[in-house]
K.L.:
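Pasting a structure here, questions to come.
Both backbone and side-chain heavy atoms feed into the values below; hydrogens, waters and symmetry mates do not.
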Amino acid sequence: MNPKIDLTEKQQNLLEQLDTVIEDRIYSKDEIRHCIDKVGDYIMSKSSKNGDLSKALLECSGLMNILMKNEN
């Protein structure tokens, strides 16, 4: 998977906010798993009481789908 090609600019920006540098190269399965873990940690860090968890799930669902599809 090459995130510069496969992900939208918004999805790339989200990964960069999570301290994941996006380079124009092919990523290994382990590197993709690391990105999935970062996004999962970001989602789980949100509070469900004020609706932030739901917003984070919606915000990250497309990104997670692409990453998980390319992990296999």
Side-chain angles (χ1 to χ4, degrees):
M1 168 184 193
N2 183 341
K4 284 285 189 190
I5 296 171
D6 297 335
L7 301 176
T8 66
E9 187 174 330
K10 184 177 178 181
Q11 292 167 335
Q12 291 177 39
N13 290 338
L14 177 58
L15 282 175
E16 288 174 1
Q17 289 174 1
L18 302 176
D19 295 327
T20 303
V21 178
I22 303 300
E23 299 173 0
D24 189 9
R25 64 178 179 83
I26 301 297
Y27 279 63
S28 70
K29 289 183 180 189
D30 287 336
E31 290 171 315
I32 294 172
R33 281 188 206 110
H34 179 73
C35 290
I36 292 170
D37 290 344
K38 286 270 200 171
V39 175
D41 289 345
Y42 168 76
I43 292 169
M44 297 309 294
S45 72
K46 300 299 178 181
S47 171
S48 62
K49 290 183 181 179
N50 61 6
D52 284 349
L53 181 62
S54 297
K55 290 175 191 172
L57 283 168
L58 287 174
E59 178 185 22
C60 298
S61 64
L63 173 59
M64 287 294 279
N65 287 338
I66 292 170
L67 290 172
M68 291 170 65
K69 179 182 84 174
N70 285 287
E71 177 190 21
N72 298 322

K.L.:
Enter the distance from Ile5:CD1 to Arg25:CZ here, rounded to the nearest 0.5 Å.
P.N.:
13.0 Å

K.L.:
Kindly indicate whether the side chain of Gln12, heavy atoms from C-beta on, has any atom under 4.5 Å from the side chain of Lys4.
P.N.:
yes

K.L.:
Would you call Cys35 and Leu15 a side-chain contact if the rule is heavy atoms closer than 4.5 Å?
P.N.:
yes

K.L.:
Nearest 0.5 Å please: distance from the CG atom of Asp6 over to the CG atom of Leu63.
P.N.:
11.5 Å

K.L.:
Can you tell me how far OG of Ser28 sits from NE2 of His34, rounded to the nearest 0.5 angstrom?
P.N.:
10.5 Å

K.L.:
Does some side-chain heavy atom of Asp19 sit less than 4.5 Å from a side-chain heavy atom of Lys38?
P.N.:
yes

K.L.:
With a 4.5 Å cut-off on side-chain heavy atoms, are Tyr42 and Glu59 touching?
P.N.:
yes

K.L.:
Between CG of Asp52 and CG of Leu57, what distance do you get to the nearest 0.5 Å?
P.N.:
11.0 Å

K.L.:
Taking it one step at a time, do Glu16 and Val21 satisfy side-chain contact (heavy atoms from CB on, under 4.5 Å)?
P.N.:
CA-CA 6 Å; Glu16 288 174 1; Val21 178; over 6 Å; no

K.L.:
Mind checking what makes salt bridge (charged side-chain N to carboxylate O under 4.0 Å, His left out) contact with Glu9, not counting sequence neighbours?
P.N.:
none

K.L.:
Return the CG to CG distance between Leu53 and Leu58, rounded to the nearest 0.5 Å.
P.N.:
10.0 Å

K.L.:
Please tell me if the side chains of Leu67 and Met1 come closer than 4.5 Å, counting only heavy atoms from C-beta onward.
P.N.:
yes

K.L.:
Could you pull out all residues at least two apart from Thr8 that satisfy side-chain hydrogen bond (donor to acceptor under 3.5 Å, both in side chains)?
P.N.:
Gln11

K.L.:
Rounded to the nearest 0.5 Å, how far does CG of Asp37 lie from CE of Met44?
P.N.:
13.0 Å

K.L.:
Ile26 and Glu31: which non-hydrogen atoms are nearest, and at how many Å?
P.N.:
O-OE1, 4.3 Å

